[in-house]
Amino acid sequence: MSAKPVILIVDDEKNTREGLARALRGEYAVAEAENGLRALEWLDAHSADVVLTDLRMPGMDGMALLSR
């Protein structure tokens, strides 16, 4: 059996991020990042099959994150 697909959730709203993670755990391996910079740091060391990101975040927004 293959490993679970990995989803990285990026959102500056803690409740939103954690709620999505709770809903997806079980079916998927879930990682969380509170901003675009942390997400890039995580992605430097790991691989994600899907990135779910908030579009409006302080610093690096979701579109800038996805373009990187």
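Just so it is clear, the values below take in all heavy atoms, side chains as well, and ignore hydrogens, waters and symmetry mates. Counting from 1, the numbers follow the sequence of the chain as shown.
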So how far is it from [X] [atom1] to [Y] [atom2], rounded to the nearest 0.5 Å?
X     : Y     : atom1 : atom2 : answer
Glu32 : Arg38 : CD    : CZ    : 13.5 Å
Leu65 : Leu55 : CG    : CG    : 10.0 Å
Leu43 : Glu41 : CG    : CD    : 10.5 Å
Glu18 : Glu34 : CD    : CD    : 10.5 Å
Met60 : Leu66 : CE    : CG    : 10.5 Å

Transitively linked via ILVMFWY side-chain contacts under 4.5 Å: [X] with [Y]?
X     : Y     : answer
Val6  : Leu24 : no
Val50 : Tyr28 : yes
Val30 : Leu52 : yes

Note to self: When you compare the side chain of Asp12 with that of Asn35, does any pair of heavy atoms fall below 4.5 Å?
What the structure shows: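 No - every pair of side-chain heavy atoms lies 4.5 Å or more apart.
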Indicate the atoms forming the closest heavy-atom contact of [X] with [Y], along with that distance.
X     : Y     : result
Trp42 : Ser47 : CH2-O, 3.8 Å
Leu8  : Ala48 : CB-CB, 4.1 Å
Pro5  : Glu27 : CD-O, 4.3 Å
Met57 : Asp11 : SD-CA, 4.0 Å
Val10 : Gly36 : CG1-N, 4.1 Å

Next item on the list: Please assess Leu40 against Arg68 for the test side chain to side chain contact (heavy atoms under 4.5 Å, CB included), listing each intermediate value before the final yes or no.
Entry: CA-CA 8 Å; Leu40 289 176; Arg68 303 262 317 272; 3.3 Å; yes
Checklist line | Audit row: Leu20, Ile7, side chain to side chain contact (heavy atoms under 4.5 Å, CB included) steps and yes/no | finding: CA-CA 10 Å; Leu20 281 169; Ile7 298 177; over 6 Å; no
